[in-house]
*Asks:* 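Please find one structure pasted underneath; my questions will follow.
Keep in mind the model is a prediction, meaning the values are calculated, not measured. All chains are named by letter (A, B, ...) in the order of the sequence lines, taking the proteins before the strands, and each is independently numbered beginning at 1.
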There are 2 protein chains.
Amino acid sequence: MSTIMDKSRGLAAERLADELREDILAGRLPSGARLGEVALAERFAVSRGPVRAALNLLSEAGIVTIVPNSGARVREMGRADARALYEIRAALEAEAAMLAASRAAPETAARFGDLLDQHAGEIAAHPEGAYLQGGGDRDFHMVVARMAGNPLILRYLARELYPQLSLLRVKHRNVVGRGAEALNEHKRIATAIADGDAEVAGLLMRRHIRNSWTALEAQLSETAGETE
Amino acid sequence: MSTIMDKSRGLAAERLADELREDILAGRLPSGARLGEVALAERFAVSRGPVRAALNLLSEAGIVTIVPNSGARVREMGRADARALYEIRAALEAEAAMLAASRAAPETAARFGDLLDQHAGEIAAHPEGAYLQGGGDRDFHMVVARMAGNPLILRYLARELYPQLSLLRVKHRNVVGRGAEALNEHKRIATAIADGDAEVAGLLMRRHIRNSWTALEAQLSETAGETE
DNA sequence: GAGATGAAAATTGTCAACAATAATGGATAA
DNA sequence: TTATCCATTATTGTTGACAATTTTCATCTC
């Protein structure tokens, strides 16, 4: 479980950051909500010092915006932010898929097989897109990122990109019925990785991310016009 | 100059982080050097609060490692770290080149022309690799990153990747005579971007980074064996 | 002499109060 | 009524002191 326990500093700050992130990504703290230091301090029964550290952490993760001398708020993601997010995601995950393929071990195929079987079960149980929301999709991408063997890519995806993606989804209720298609694409990517075919794995992953973006973009159009 | 003034929090912390980063990347604070909070606090005539914030900032940038309850030190970069750095760099800068090409404006060619002429002059003046060390190389890559129009890519390169690259170079005195070759590769990349040829721009950039890695890797072999 | 033990010293983590800055609201004038 | 100015209030930035943890090193034991 505990793969990367970075613990940037101090135990309290890390705990606060975890709880706050959970609240934000669960939608309990909506976009734009003010994060006053004193309120958070008394909520967590702690001083303002750790609270500030936690807010800085979440700011680095990109789910909180801090205006100096003014305060911290839950970040508001616009359409341009979403596009930028999917662009860098395509680059990093395609690279991760290529690296994973080039470093594929004999047991790789089996590992993917178990994971994807489990995901197929989840989709059968909840046909209406729980796959994309419930973490199954995230699981697959995390496995690929770990297999890539590059701590920098893994760290960026886990600590910045995925949290921002979640923030985007919690706002726009992105639960298209793309679960089955996504699973099929995952299977082809897994095959390419297990075969050690880096070029195809990278291409398929890039296409997979682009499809995901296309689906999300359609939903973004339906929602309100953007602020900035 | 001041393109992204993120100012994570507080003015003091940002100033301290800037000065410390300068010291580290100039080699005045060598890899592994201890960064005691009290010493830094009295050096900058400030309390320990902002010092801690600055250290957290530099830790996020990847040039300082913090061990909870123990302290902060200048990060020591091993061979594996260098490899990971160049892998993610290839992915991000190739993507940046592609995006820059797809968004190329009419004045793009002229802008590159000026920059590269200036760099050619620098190389003529200092034939022994000042190009790669003195910032000319960095300039080119920053221009491409900005032209990509993706704030996430630009931010990662400017705030994490390039500082770590500098840290790597200050340790291993990486000043190969690759200046002239690098400039030529820059010119071809610039042409592809100005032509709007995303695919070629991406390919050339990826190759350029790989060449840079090959040169650095040779130097790393000459140096000592790695710690971790 | 090598290793374990434990107290002392140094360093980081946390707290509560003070200073500086920004947000708020009411009074005044056009 | 609306806009502007200024005092009030609330919030963030910083500080110095205290608590907790780690590191150091002298001592003891084998």
*Asks:* Atom CZ of A:Arg48 and atom C1' of C:dC18: how far apart are they, to the nearest Å?
*Replies:* 11 Å

*Asks:* In this structure, how many angstroms lie between the C1' atom of C:dT12 and the CD1 atom of B:Ile66, rounded?
*Replies:* 11 Å

*Asks:* A:Gly49 near the nucleic acid: base, sugar-phosphate alone, or nothing, with a heavy-atom cut-off under 4.0 Å?
*Replies:* nothing

*Asks:* For nucleotides 19-21 of chain C, list the nitrogen or oxygen atoms of the protein found under 3.5 Å from its nitrogen or oxygen atoms, one pair per line.
*Replies:*
none

*Asks:* Can a side chain N or O of B:Arg52 be found less than 4.0 Å away from OP1 or OP2 on C:dG13?
*Replies:* yes

*Asks:* Rounded to the nearest Å, what distance is computed from the CZ atom of residue A:Arg73 to the C1' atom of nucleotide D:dT12?
*Replies:* 14 Å

*Asks:* Could you tell me the separation between the CG atom of B:Leu40 and the P atom of C:dA10, rounded to a whole number of Å?
*Replies:* 18 Å

*Asks:* Evaluate the ring planes of A:His141 and A:Tyr162, with Trp represented by its six-membered ring, and classify them as parallel (under 30°), tilted (30 to 60°) or perpendicular (over 60°).
*Replies:* perpendicular

*Asks:* Which comes earlier along DNA chain C counting from the 5' end, the contact point of B:Leu35 or that of A:Ala45, where each point is its nearest nucleotide?
*Replies:* B:Leu35

*Asks:* Just the rounded figure in Å: distance from P of C:dT14 to CG of A:Leu16.
*Replies:* 9 Å

*Asks:* Let's see if you can work this out: which of D:dG13, C:dT12, D:dT15 has an atom nearest to the side-chain heavy atoms of B:Val38?
*Replies:* C:dT12

*Asks:* How about B:Ile88 and A:Glu95: do any of their side-chain heavy atoms sit closer than 4.5 Å?
*Replies:* no

*Asks:* With the threshold set at 4.0 Å, does a side-chain nitrogen-carboxylate oxygen contact exist between A:Glu93 and A:Arg89?
*Replies:* yes

*Asks:* Inspect the contact between B:Arg103 and A:Glu87 and indicate whether a charged nitrogen and a carboxylate oxygen are less than 4.0 angstrom apart.
*Replies:* yes

*Asks:* B:Asn56 CG to C:dT14 P: how many Å, rounded?
*Replies:* 11 Å

*Asks:* With a 4.0 Å cut-off on N to O distance, would you call B:Asp137 and B:Arg178 a salt bridge?
*Replies:* no

*Asks:* Within the pair A:Ser70 and C:dA23, is there a side-chain N or O less than 4.0 Å away from OP1 or OP2?
*Replies:* yes

*Asks:* Could you tell me how far apart A:Phe44 (CZ) and C:dT14 (C1') are, to the nearest whole angstrom?
*Replies:* 16 Å

*Asks:* Calculate the interatomic distance between A:Glu37 atom CD and C:dA17 atom P; express it in whole Å.
*Replies:* 17 Å

*Asks:* Look at the side-chain N and O atoms of B:Arg34 and state whether any lies under 4.0 Å from the OP1 or OP2 oxygen of C:dT12.
*Replies:* yes

*Asks:* Determine the minimum heavy-atom distance between A:Ile153 and A:Ala96, stating which atoms define it.
*Replies:* CG2-CB, 4.3 Å

*Asks:* Check for me whether B:Arg210 meets the cation-pi criterion with B:Tyr86, that is, NZ or CZ under 6.0 Å from the six-membered ring centre and within 45 degrees of the ring axis.
*Replies:* no

